[in-house]
Number of protein chains: 2
Amino acid sequence: MDIEWLISLLIITKPSKLSLSLAKFRSLSFPCEHLFDVGFNVFVIILLVYLNNVDIDLSLRQPGYLHNLLPDSAPDHPETVEQVLDDVKTKILPGLTHWQSPTFFAYYPSNSSVAGFLGEMLSAGLGIVGFSWVTSPAATELEMIVLDWLAKLLNLPEQFLSKGNGGGVIQGSASEAILVAMIGARDKVLRRVGKNALGKLVVYSSDQTHSALRKACQIAGIHPENCKVLKADSSTNYALRPELLQEAVSKDLEAGSIPFFLCGNVGTTSSTAVDPLAALGKIAKSNEIWFHVDAAYAGSACICPEYRQYIDGVETADSFNMNAHKWFLTNFDCSLLWVKDQYALTEALSTNPEYLKNKASQANLVVDYKDWQIPLGRRFRSLKLWMVLRLYGAETLKNYIRNHIKLAKDLEQLVSQDPNFEVVTPRIFSLVCFRIVPVDNDEKKCNDRNRNLLDAVNSSGKLFLSHTALSGKIVLRCAIGAPLTEEKHVKEAWKVIQEEASYLLRK
Amino acid sequence: MDIEWLISLLIITKPSKLSLSLAKFRSLSFPCEHLFDVGFNVFVIILLVYLNNVDIDLSLRQPGYLHNLLPDSAPDHPETVEQVLDDVKTKILPGLTHWQSPTFFAYYPSNSSVAGFLGEMLSAGLGIVGFSWVTSPAATELEMIVLDWLAKLLNLPEQFLSKGNGGGVIQGSASEAILVAMIGARDKVLRRVGKNALGKLVVYSSDQTHSALRKACQIAGIHPENCKVLKADSSTNYALRPELLQEAVSKDLEAGSIPFFLCGNVGTTSSTAVDPLAALGKIAKSNEIWFHVDAAYAGSACICPEYRQYIDGVETADSFNMNAHKWFLTNFDCSLLWVKDQYALTEALSTNPEYLKNKASQANLVVDYKDWQIPLGRRFRSLKLWMVLRLYGAETLKNYIRNHIKLAKDLEQLVSQDPNFEVVTPRIFSLVCFRIVPVDNDEKKCNDRNRNLLDAVNSSGKLFLSHTALSGKIVLRCAIGAPLTEEKHVKEAWKVIQEEASYLLRK
């Protein structure tokens with residue numbers, strides 16, 4: 001089927017008016033003959049974006065631009081779907097940062113796919129809210145099954161599977177996964193030592209850990225000075241040294257503090273550093289510290305046998321997190337959290353008001369995911385992950401990951417061949433960290449130059465990068481992982497970077 | 001256009017195989033010629049559900065049923081979309097609780113609509129992650145604009161609009177809204193009195209408040225004994241009496257505790273009780289207590305001038321929450337939170353790692369919603385609310401609400417005419433609380449009978465109710481508000497309830 005032809009056909013097909021009278025309202029509110037018409041038009045917009053056929057007016061991207069383009073208040077009467085979709089095209093699309101573009105290399109990817117999209121459609125269309133088993137048994141059960149599937153693909157230890165005391169759950173984000181694990185760990189230790197000891201609880205991580213950990217500490221009431229941030233440097237490629245942890249724990253114990261939570265990383269946000277899980281886990285275990293492993297981005301790669309080594313030692317963890325919405329073709333949000341002790345979560349997060357009581361829950365026959373998360377309500381998110389796994393299959397997903405890693409290897413090669421640039425830390429997965437090298441050892445000027453390079457590259461509108469700082473060096477990050485990225489996009493991106501750099505270096 | 005015809009046409013249209021080779025993968029991963037085919041089939045499933053053309057095998061709804069129907073591990077190779085959608089029809093749909101069914105009267109509604117669905121489609125298709133302004137300016141700006149629109153429809157005080165220090169933000173759920181408000185309030189007071197005073201902080205609410213408040217206290221580290229639950233009874237229709245609050249606050253102040261958070265309700269979950277906001281707010285203000293108003297369900301009704309009175313006094317609140325995903329035709333999740341002091345949130349929830357820094361944020365030119373919420377990542381949820389407001393218009397939405405309230409009034413009338421039943425609290429919005437009346441003043445037997453009635457009605461598969469307890473009485477809740485519910489559905493539901501009751505009363 002020819003896409004161009006389809007699009008012109010669809011554009012000609014005028015959608016029916018959505019102007020509503022109350023009398024017609026009920027039949028329109030869901031099963032409606034217009035759904036197909038209008039759905040088509042939405043498809044067209046999505047396709048237009050992905051075929052890059054939309055003229056993007058970058059001048060619109062000024063703070064407050066949209067306030068000047070939309071009215072001050074909601075309309076009293078219905079507008080037509082053409083009016084709304086026209087505004088989407090002319091006012092909304094130009095103000096988007098196109099995360100699905102093949103030349104989006106910033107942050108980490110946030111994958112969409114046909115399977116993930118269909119899962120979202122189904123979930124939105126069915127419109128169930130699965131907070132307790134009884135509010136949609138299939139939603140809870142599919143989530144348990146699919147999380148078991150993925151645990152097996154990752155070769156996680158059996159204690160993380162749903163058949164015993166453990167199990168997996170879909171959170172909205174890695175931030176929520178860390179928070180939920182921390183609250184479970186916090187309340188477990190406070191039940192032992194008394195709730196007034198909160199001020200003595202200590203959290204450990206390397207300084208490369210995602211800011212989500214600090215935020216979780218803030219929310220959970222851990223005192224800021226008890227968030228021990230241990231220095232990691234280039235000597236370990238920014239992995240946490242177990243000796244540093246042991247030292248810090250011993251010192252805190254001596255001072256009467258209570259070490260209770262350790263966050264280990266597999267693939268940090270700055271540079272994909274991988275902490276030595278087994279050694280860290282051993283220290284955690286012998287000190288009764290909850291060990292959370294954050295593999296939000298890199299976890300996906302560990303379904304490939306050749307990358308599984310990076311989570312070796314996960315058997316010592318109490319909780320493990322990977323974001324299927326990053327690099328696993330599952331639309332945001334879908335953050336997977338596994339725990340060995342589900343009761344640590346449910347004892348901290350359960351509520352049981354009369355209006356939510358039901359026989360299945362009271363007989364303890366079922367899992368009620370409301371008690372494994374912060375919110376009460378929850379969408380049917382396992383559908384999309386299930387559809388991704390079934391419609392693509394594990395082998396295709398492994399090859400998908402491998403292809404991105406290969407593209408990153410190629411880029412690493414290109415960077416290291418250019419004397420104006422250096423690869424700052426060895427590439428492990430699909431992120432390349434690089435910078436313009438300093439001239440005359442002037443690191444300050446070098447940082448400014450790399451900041452300027454970032455601005456120049458992103459202002460070109462041709463690609464989008466982000467940056468970080470490693471040991472004081474400003475570093476550009478090129479994260480390969482958008483579903484549409486091919487070799488040509490990476491090569492073109494590198495050409496733009498080189499051109500902008502040579503212009504800056506001439507200044 | 002004839003729906004039956006469309007469906008048969010679509011069923012005949014076989015979708016193309018989704019079997020993938022890696023070579024084809026990239027072109028398939030988003031803009032793909034199959035999207036239309038497969039999208040059609042998903043539409044068909046959704047329509048089938050809503051036209052009730054699916055045979056639901058209720059016997060499948062046993063704990064663990066799905067484990068027996070699905071394989072133990074993910075497939076290595078792609079399955080076809082027919083296989084997956086067939087499983088959706090035969091294994092998933094029978095295990096759903098149909099929240100969008102016109103005879104779903106349990107909990108509170110969770111509205112879907114064509115406009116909300118299209119918004120979800122667009123959001124999933126565009127696949128952006130709008131945590132900072134720069135990661136998609138349109139997403140942040142549309143959210144500010146649409147929340148301003150709704151604040152104006154609700155006639156909220158100007159301080160809640162985005163032009164000053166206040167503003168609105170979309171949270172995932174009312175639970176997160178309460179938690180975010182509480183963390184903001186907690187840290188504001190702790191900055192004044194020192195972080196070691198956490199154990200002295202006191203939260204107030206009536207005993208009718210949603211369990212989300214207790215959960216927020218648990219997460220925020222508020223000591224359980226400092227969550228003061230004030231008794232509300234039938235004398236005030238379960239509204240909190242200001243004198244009780246004043247008394248509790250005075251007592252706590254005398255004891256050296258620090259009152260810091262009050263949750264007022266507009267439309268409680270049990271019985272739609274409405275607390276006297278103005279009187280409560282006055283007490284809160286004179287004691288420097290953060291006043292949060294939870295109008296998760298009933299807030300929607302307050303866009304109608306005749307129901308706006310129920311949030312009179314909201315000008316004394318520090319934060320106000322209403323769920324557009326309950327009774328406002330916007331697909332879950334879309335919980336709207338307004339605050340007067342955005343800095344209370346951002347000072348508590350901000351993180352600013354190097355890898356997220358950007359010029360617009362650092363120049364303080366923009367709102368970064370990541371600092372107004374628990375997670376970092378966020379979907380483009382304002383799109384669906386914007387489409388609901390534009391495609392239906394405020395007048396249609398008001399009439400939508402009024403129609404449900406009229407249906408509830410009719411049911412209230414029917415209940416009160418039947419000597420076997422009583423309406424337990426006066427209906428205010430679209431929830432009717434009723435029960436079989438006790439015989440010989442035997443309240444225990446009466447409670448058992450009402451529990452049995454609930455089981456019998458829900459086991460019939462014809463409708464779905466939930467229950468609560470009010471002053472020790474087991475009460476059935478009939479919450480009218482599903483988009484497809486019409487007069488005939490309410491009448492039929494009442495007939496089923498009467499029949500089951502008369503059968504129970506004969507026993």
Side-chain angles (χ1 to χ4, degrees), chain A residues 1 18 22 29-31 33 42 46-47 50 61 63 66 73-79 84 92 95-97 99-100 110 112-113 120-121 124-125 127-129 135-138 141 149 152 173 175 211 215 221 331 351 353-355 365-366 375-377 389-391 393-395 399 468-469 483, chain B residues 1 18 22 29-31 33 42 46-47 50 61 63 66 73-79 84 92 95-97 99-100 110 112-113 120-121 124-125 127-129 135-138 141 149 152 173 175 211 215 221 331 351 353-355 365-366 375-377 389-391 393-395 399 468-469 483:
Chain A
M1 204 178 292
L18 254 190
L22 185 64
S29 62
F30 215 103
E33 64 259 53
V42 173
I46 294 169
L47 279 178
Y50 288 97
R61 291 176 58 112
L66 199 55
S73 54
D76 277 336
H77 301 289
E79 298 183 66
V84 176
I92 302 295
L96 294 183
T97 301
W99 285 67
Q100 303 308 320
S110 176
S112 277
S113 67
E120 281 285 11
M121 269 180 72
I128 64 97
V129 185
T135 65
S136 269
E141 300 206 359
W149 283 10
K152 288 175 190 170
S173 63
S175 308
S211 58
K215 190 157 174 172
N331 290 41
T351 53
E354 184 64 40
Y355 47 80
L365 291 171
V366 293
L376 171 62
L389 286 166
R390 291 189 64 179
L391 292 177
E395 283 308 315
N399 289 333
T468 191
Chain B
M1 205 180 292
L18 254 191
L22 185 64
S29 63
F30 215 103
E33 64 260 52
V42 172
I46 295 169
L47 279 180
Y50 289 96
R61 292 176 57 112
L66 198 56
S73 54
D76 277 334
H77 300 289
E79 298 182 66
V84 176
I92 303 294
L96 295 183
T97 301
W99 285 67
Q100 303 308 320
S110 176
S112 277
S113 67
E120 282 284 12
M121 271 180 72
I128 64 98
V129 186
T135 66
S136 268
E141 301 206 359
W149 283 10
K152 288 175 189 170
S173 64
S175 308
S211 57
K215 191 157 175 173
N331 289 42
T351 53
E354 185 63 41
Y355 47 80
L365 291 170
V366 294
L376 172 62
L389 286 166
R390 291 190 63 179
L391 292 176
E395 283 309 314
N399 289 333
T468 191

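- Contact annotation for Val366(B): only side-chain heavy atoms (C-beta onward) come within less than 4.5 Å of a heavy atom of chain A.
- Per-residue counts of heavy-atom pairs under 4.5 Å with chain B were compared for His77(A), Arg390(A), Glu354(A), Lys152(A); the largest is that of Arg390(A).
- Within the 3.5 Å criterion, the main-chain N or O of Leu96(B) finds a donor-acceptor partner in the side chain of Arg61(B).
- In this structure, chain A has heavy atoms under 4.5 Å from both the backbone and the side chain of Lys215(B).
- The contact between Thr468(B) and chain A is made by backbone and side chain atoms together, counting heavy-atom distances below 4.5 Å.
- Side-chain atoms of Glu120(A) never come within 3.5 Å of backbone atoms of Ala124(B) as a donor-acceptor pair (strictly under, hydrogens ignored).
- Leu376(A) places none of its side-chain heavy atoms less than 4.5 Å from the side chain of Val129(A).
- No other option in Ala74(B), Pro353(B), Ala469(B) has as many heavy-atom pairs under 4.5 Å with chain A as Ala74(B).
- Pairing each heavy atom of Thr135(A) with each of Thr97(B), the nearest pair is O-CB, 3.1 Å.
- Ser112(A) places none of its side-chain heavy atoms less than 4.5 Å from the side chain of Trp99(A).
- Contact of Ser173(B) with chain A is made through the side chain alone, with heavy-atom distances under 4.5 Å.
- No other option in Ser175(B), Ser110(B), Ala138(B) has as many heavy-atom pairs under 4.5 Å with chain A as Ala138(B).
- Using a 4.5 Å cut-off between heavy atoms, Glu395(B) contacts chain A through both its backbone and its side chain.
- Nearest heavy-atom pair across Leu365(A) and Pro63(B) is O-CB, 3.9 Å.
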